[in-house]
2 protein chains.
Amino acid sequence: MNQLYLTMRQDIIEGRLQVGEQLIETTIAQRYQVSRTPVREALRRLEQDGLVERSPRGGIRVKVWTADEMFDLYELRIILESGAARWAAERKTRLDVIRLRQTNEEMRKLDPAVANNLRDVNLAFHEALWRASHNAPLIDTLGRLQRQIMRHPASTLKHPGRWAAIVQEHDRLIEAIERGDGERAANIAGEHMTEARDLRLANYLADQDKPNLA
Amino acid sequence: MNQLYLTMRQDIIEGRLQVGEQLIETTIAQRYQVSRTPVREALRRLEQDGLVERSPRGGIRVKVWTADEMFDLYELRIILESGAARWAAERKTRLDVIRLRQTNEEMRKLDPAVANNLRDVNLAFHEALWRASHNAPLIDTLGRLQRQIMRHPASTLKHPGRWAAIVQEHDRLIEAIERGDGERAANIAGEHMTEARDLRLANYLADQDKPNLA
DNA sequence: CTGTAGACTTCTGTATACAGTCGTGTGCCA
DNA sequence: TGGCACACGACTGTATACAGAAGTCTACAG
C-alpha cells in the first residue's frame, strides 16, 4: 500500500537507516523526495511495528534492541510458533501441506554456502506454517514479530550444518502436522525456535563490540 | 498521545461508531470538528490495531467480527496469557506480587450485581499479570489483543457466581506465581482464559440474532 | 563568574488546497 | 433496446502553509 512506508521499513531492516538515528520529519521528507505528510504516516506505522520509537524528548529514533529485548522477542516467538504448529496440525488443508512440502523442497535444493536468499525462503516456509494455522490474528502477530526480529542480520543460517538441520526439522514438523499430531508439532516447532534463539543470541552477544552491526 | 485516536478508539469500543460503518475521512473530520490530517493518522493507527479494516473497494469500515474470528482471538489470548503467567512466575519482583494481590483484593470487595467497573478492574488485574512477565513485546501484544476483544460487551462477568469464581482463580494464580511454579501458573491462566472464551462465545452466539449487539 | 530571562530557532501538530483515481450515471449511437 | 463512451462526482493521496510548543543560546544583571 504505502510505498514510502515499505521503503523505509526495508531501509531500517537492511540497515540503511542507522540504529539510533534521529528521524526528523523534514529531513526524511527531503531524503525521500516527498512531503512531510506521507513521512508522518510512515513513521506512525513504523512506530506501531516497533521498528522506531519516540524518545521522551519527543524525537523519533530507529529502535535499538538490547540483548534482553531480543531474548524477549524470541521467547514470544517460541510460544507463538508452537501455537501455530499445533493449530496447523488441527486445521490444515491438503493445500497447506503441499505448500509446506514444496517450500521445504526448495530449501533442500539450496546450497547455503552460495545462496543469498536463505532468509527469504526460510521465511516463506514459516509463513506457510502460520497460514496453515488458519488463525488470522496469530498470523498477523507473527508477521509483526518477524519484522522486528528481521532488523538484525540472519547470519545464523550460514552456520555450518545449520541449514541441513533446519530442513530436517521442517520435515519432521510437516510429518507431525500431516498426521494431525498437534502436541508433537508444537514441541518440534518450539525446539526449532529455541535453537534459533540460542544461535542468534550467541551471535548477537559476540557482535556487541562491533557497534555498526548491533 | 493522539487525542483523536484515543477518542475514536473509545467510540469504537463502546459502540458509538457502529460496526460496519463506512468511515469517510471528510465525514469523520466534520463529526469530530478537526481537519482530515489527524483523522488520517487516527484511522491508520486504528487499522493497525485491527479495529477498522480497509475493504477491497478502498473504503475503511469498523471491523465486524464473526464468531470464528472471536474464537481465534481467544485462542491466541489463551496461549499468550499462559505464557505471561509462566514468565511472571519466573521473573516476578516482590512489587509485582503486591500489585497482583492488591488488585485482586479490590475485585473481591466489589459486588458484581451493582458495580459498573467490573471490566476495568478485571483488566487491571490482567495488566498487572502481563507486567509481571517483564516481557515488553508480550505485554504490547496482549494489550493489542485486549483492545480487539474489548470491542464487545463484557456481560460474562455478570454471570451468577462468575465473579467469585474469577477472584478464586486469581488467588490460585497468584499463589503459583509467588511460589515460582511456572508450569502450574501457565495451566491456571490457560484454563481461566478458556472458561472466559467459552462463556463469551456462548453469549456471542446467543446474541447473533440481535444485530445491534453483535 | 554565575544565574536568569527573553528571543530565536527548530520541530511537531493541524488546516487546507490541489491532483489523481475510480466508480457511476447518463446520453448517444448502433 | 442495449452497449459503449465520456463526463462528472466523490474520495483518497500529497503538498504546503501556518500555529504552537519547547529547547537553546546569548546577554545582562547581580
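Residue numbering restarts at 1 for every chain, and letters A, B, ... go by the order of the sequence lines.
When each of A/Arg86, A/Glu90, A/Lys92 is tested with A/Ile177 by the rule side chain to side chain contact (heavy atoms under 4.5 Å, CB included), just one qualifies, namely A/Lys92.
Note that the CG atom of B/Leu80 and the CG atom of B/Leu142 stand 5.0 Å from one another [nearest 0.5 Å].
The CG-C1' distance, from B/Leu4 to C/dT14, rounds to 11 Å in whole Å. Distance CD (B/Gln22) to C1' (D/dC11): 10 Å, rounded to an integer number of Å. A straight line from CD of A/Gln3 to P of C/dT21 spans 15 Å, rounded to a whole angstrom. Following rounding to the nearest Å, A/Glu41 (CD) and D/dT12 (P) show an atom-to-atom distance of 12 Å. A/Leu43 has its CG atom 14 Å from the P atom of C/dC11, to the nearest Å. Per the geometry, CZ belonging to A/Arg54 stands 10 Å off C1' belonging to C/dG13, to the nearest Å. Here D/dT12 presents its C1' atom at 18 Å from CZ of A/Arg40, a figure rounded to the nearest Å. Distance, B/Arg61 CZ to D/dT12 C1': 16 Å, rounded to whole Å.
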Could you walk me through whether B/Glu47 and A/Arg45 pass salt bridge (Lys or Arg N to Asp or Glu O under 4.0 Å), step by step?
-> CA-CA 10 Å; B/Glu47 190 185 350; A/Arg45 297 186 63 183; 5.8 Å; no
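Classification of the B/His126-B/His170 ring pair by plane angle, with boundaries at 30° and 60°, yields perpendicular.
Proximity of residues 23-32 of chain B to DNA chain C (heavy atom under 4.0 angstrom from any strand atom) is not detected for any residue.
Legend: salt bridge (Lys or Arg N to Asp or Glu O under 4.0 Å) pairs involving residues 106-116 of chain B, not counting sequence neighbours, sorted by first then second residue: B/Glu105-B/Arg108, B/Arg108-B/Asp171.
Phosphate proximity of D/dT14 to A/Thr37: absent, as no side-chain N or O sits under 4.0 Å from OP1 or OP2. Dashed line: the shortest gap from a side-chain N or O of B/Arg44 to OP1 or OP2 of D/dG13 is under 4.0 Å. For D/dT16, the OP1/OP2 oxygens have no side-chain nitrogen or oxygen of A/Arg36 closer than 4.0 Å.
Within 6.0 Å of CD on A/Glu53 lie more than 12 heavy atoms contributed by other residues, nucleotides or ligands.
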